[in-house]
Colleague: 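Below is the structure I would like to discuss, written out as structure tokens.
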Amino acid sequence: MTDYNAIRNSPTARTVMYCVAFMTSGLYAATLGPALSTFAAHTSSTLSALSAIFVTNSIGRMAGSLLCGWLLDRMRGHPVMIGGLVGVGLTLTALASASSLGALLLLMLVFGIAQNMADVRANTLIAC
């Protein structure tokens with residue numbers, strides 16, 4: 001039987017967990033570029049109109065940093081980081097079904113918020 005408390009309290013296990021979180025962060029941040037043509041086809045938009053997703057994602061990332069900073073004082077770290085990672089997974093799944101540019105931009109805003117909630121929290125926790 002596995003002792004999950006011993007794994008959770010192990011510095012090596014924590015380091016591995018944070019490294020996996022950072023690798024996942026790099027992977028989902030890199031999904032926007034290759035997906036542009038697919039987004040254009042699903043939303044019947046031009047590539048120049050889709051440039052707004054980068055701005056929307058950046059605004060969401062700024063909002064995610066502010067939200068995570070606020071939550072940093074009020075909640076434990078790992079639930080916030082896991083919530084951000086779950087939010088990233090859910091929005092990536094929903095992005096595939098976005099049929100209008102407005103829906104895509106809204107999802108990109110939520111995606112940016114979730115991205116930075118996971119990133120900021122993992123950066124903060126790795127220093128502790």
Side-chain angles (χ1 to χ4, degrees):
M1 187 165 213
T2 305
D3 183 11
Y4 291 108
N5 285 329
I7 293 172
R8 187 180 71 203
N9 294 329
S10 164
T12 304
R14 285 186 182 183
T15 302
V16 168
M17 181 188 72
Y18 295 135
C19 287
V20 168
F22 288 128
M23 286 188 297
T24 334
S25 171
L27 288 173
Y28 58 68
T31 59
L32 291 182
L36 281 178
S37 59
T38 305
F39 290 151
H42 281 245
T43 62
S44 302
S45 302
T46 64
L47 288 177
S48 61
L50 284 177
S51 64
I53 67 171
F54 295 105
V55 175
T56 307
N57 186 21
S58 296
I59 291 169
R61 289 181 66 94
M62 286 190 302
S65 293
L66 293 171
L67 178 62
C68 190
W70 181 78
L71 288 174
L72 183 68
D73 292 333
R74 289 162 178 77
M75 293 181 68
R76 297 189 61 179
H78 292 112
V80 174
M81 186 176 71
I82 291 169
L85 291 171
V86 168
V88 165
L90 292 174
T91 53
L92 279 176
T93 303
L95 281 171
S97 63
S99 59
S100 70
L101 185 59
L104 183 66
L105 291 176
L106 180 64
L107 286 169
M108 288 308 296
L109 180 73
V110 174
F111 180 63
I113 291 169
Q115 266 183 305
N116 251 26
M117 283 186 64
D119 290 346
V120 168
R121 200 59 189 149
N123 281 321
T124 305
L125 287 170
I126 202 164
C128 296

Colleague: With the side chain counted from C-beta on, respond yes when L109 and N57 share a heavy-atom pair under 4.5 Å apart, and no when they do not.
Modeller: no
Colleague: Apply side chain to side chain donor-acceptor pair (under 3.5 Å) to T46 and list each qualifying residue two or more places apart in sequence or on a separate chain.
Modeller: S48
Colleague: Under 4.5 Å between side-chain heavy atoms, counting indirect links through other Ile/Leu/Val/Met/Phe/Trp/Tyr residues: same cluster for L105 and F111 or not?
Modeller: yes
Colleague: Could you give the side-chain donor-acceptor pairs of residues 29-37 under 3.5 Å, partners two or more places apart or in another chain?
Modeller:
from : atom 1 : to  : atom 2 : distance (Å)
T31  : OG1    : Y28 : O      : 2.8

Colleague: What closest approach, in Å, do G84 and A118 show between heavy atoms, and which atom pair accounts for it?
Modeller: C-CB, 4.0 Å
Colleague: Are L101 and M108 linked, directly or through other ILVMFWY residues, by side chains that come within less than 4.5 angstrom of each other?
Modeller: yes
Colleague: Using the rule that two of Ile, Leu, Val, Met, Phe, Trp, Tyr join whenever any of their side-chain heavy atoms come within less than 4.5 Å, decide whether L50 and V55 are in one cluster.
Modeller: no
Colleague: With the 4.5 Å side-chain cut-off for hydrophobic clustering, are M117 and L107 part of the same group?
Modeller: no
Colleague: For residues V80 and L85: do they belong to one hydrophobic cluster (side chain heavy atoms under 4.5 Å, members Ile, Leu, Val, Met, Phe, Trp, Tyr)?
Modeller: no
Colleague: Does anything in residues 83-101 pair up under salt bridge (Lys or Arg N to Asp or Glu O under 4.0 Å), and if so which pairs, sequence neighbours excluded?
Modeller: none
Colleague: Distance-only check: which donor-acceptor pairs under 3.5 Å involve side-chain atoms of residues 59-74, not counting sequence neighbours?
Modeller:
from : atom 1 : to   : atom 2 : distance (Å)
R61  : NE     : N116 : OD1    : 3.4
R61  : NH1    : Q115 : OE1    : 3.2
R61  : NH2    : N116 : OD1    : 2.9
R61  : NH2    : D119 : OD2    : 3.4
S65  : OG     : R61  : O      : 3.2
S65  : OG     : N116 : ND2    : 2.5
R74  : NH1    : W70  : O      : 2.9

Colleague: Quick one: closest heavy-atom pair of G87 and A114, and the distance?
Modeller: C-CB, 3.7 Å
Colleague: Would you call I113 and T91 a side-chain contact if the rule is heavy atoms closer than 4.5 Å?
Modeller: no
Colleague: With sequence neighbours excluded, tell me which residues meet side chain to side chain donor-acceptor pair (under 3.5 Å) with S45.
Modeller: T43
Colleague: Please list all pairs meeting salt bridge (Lys or Arg N to Asp or Glu O under 4.0 Å) that have one or both residues in residues 86-115, counting only residues at least two apart or in different chains.
Modeller: none
